[in-house]
Every structure is written in C-alpha cells, then in structure tokens.
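Take a look at the structure set out below.
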Amino acid sequence: MSEPTKDQKIWQVVAAIPPGCVVSYGQVAAMAGLGRQARYIGRALGKLPAGHDIPWFRVIRSNGQIAFPQGSDAYETQVGRLKSEGVEVTNGRVQMRQFQWQP
DNA sequence: TTGGTGACTAATC
DNA sequence: GGATTAGCCACCA
C-alpha cells in the first residue's frame with residue numbers, strides 16, 4: 001500500500017473533521033482532491049469497512065441537510081451522533097459549523 | 001467499451 | 001422554503 005486509493009483518501013479527510021463540525025460532500029471532495037466528484041464521497045462512505053473510525057455522520061449536503069430521508073435508520077443514527085457531538089439538528093437540518101481546511 | 005448509476009450541486013420555478 | 005431539472009464524473013457489471 002504505497003498509494004492510498006481515493007476511497008482511503010476520502011476516509012482520511014472525513015476522519016480529519018473535528019468534533020462538533022460538519023462538512024458538505026463537495027467540501028470533502030475538494031479536500032480529497034476529487035474536485036466536483038461529490039457523488040463519489042457518498043459511494044466511498046458506503047464502502048466503509050467494518051470497525052472503521054470514520055465519522056461519516058459529519059458529512060452532509062451542501063444545503064446543510066442530512067443526505068438520508070428523514071425517518072430512515074441511517075438518518076437517525078447520523079442525527080443522534082451529531083447531537084452527541086454538540087451539533088444542533090432540527091427538522092433534518094444541521095447547524096452548519098464548517099471548519100477551515102488546512103492543507 | 002458502453003451504459004447505467006449515484007449518501008451531489010446549482011439553478012430555476 | 002420546497003420541489004424539479006439538468007449537469008457532472010468516476011465506478012461497476
């Protein structure tokens with residue numbers, strides 16, 4: 001493993017998100033060097049291995065909404081974890097506390 | 001190779 | 001503020 005795959009790069013970026021902060025898929029894509037490939041982020045998160053330490057719940061849409069339909073399992077999990085970190089979530093909307101990415 | 005697909009985004013109504 | 005449309009681009013069968 002000399003060259004990390006894009007998926008791993010994404011996971012690394014997501015793992016670098018500090019607690020209490022959230023970022024949009026587009027932001028993660030830019031951080032990982034994927035440009036506008038925001039859709040790939042969701043796919044990479046869906047390929048997360050078991051036992052990971054990736055706070056995927058800190059990744060939301062650009063408009064500050066959860067990427068899942070309200071009432072779904074993943075949705076409630078994400079909201080629960082965000083609230084646990086001090087992030088306010090109301091009506092499927094997240095209080096956008098984006099952080100400055102330091103390359 | 002081709003075509004279908006998506007945890008997206010921005011613009012428009 | 002919510003719903004719809006079109007654009008985008010890498011991955012997978």
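- Within residues 61-98 of chain A, the residues approached by DNA chain C to less than 4.0 Å at the level of any non-hydrogen atom are A:Arg93, in residue-number order.
- Contact of the A:Ile10 side chain with the A:Leu34 side chain is registered, since non-hydrogen atoms from C-beta on lie closer than 4.5 Å.
- With contacts defined as side-chain heavy-atom distances shorter than 4.5 Å, the pair A:Ile17/A:Val22 does not qualify.
- Straight-line distance from the OH atom of A:Tyr25 to the P atom of B:dA7: 9 Å, rounded to whole Å.
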- request: Applying side chain to side chain contact (heavy atoms under 4.5 Å, CB included), run through A:Tyr40 and A:Asp7 and close with a yes or a no.
  value: CA-CA 9 Å; A:Tyr40 189 79; A:Asp7 296 347; 2.3 Å; yes
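- A salt bridge is defined here as a Lys NZ or Arg NE, NH1 or NH2 lying under 4.0 Å from an Asp or Glu carboxylate O, and A:Arg58 with A:Glu85 meets this definition.
- Atom CD1 of A:Ile10 and atom C1' of C:dC11 are 11 Å apart (whole Å).
- In this entry the distance linking CD1 of A:Ile60 with C1' of B:dC8 reads 13 Å, nearest Å.
- As rounded to whole Å, 17 Å separates atom C1' of B:dA7 from atom CZ of A:Arg58.
- In this structure a side-chain-to-backbone donor-acceptor pair under 3.5 Å is present from A:Gln78 to A:Val59.
- Between A:Gln8 and A:Gln12 the shortest side-chain heavy-atom distance does not fall below 4.5 Å.
- Scanning residues 34-48 of chain A for heavy-atom distances under 4.0 Å to DNA chain C yields A:Arg36, A:Gln37, A:Arg39, A:Tyr40, A:Arg43, A:Lys47.
- A:His52 places its NE2 atom 16 Å from the P atom of B:dA7, with the value rounded to the nearest Å.
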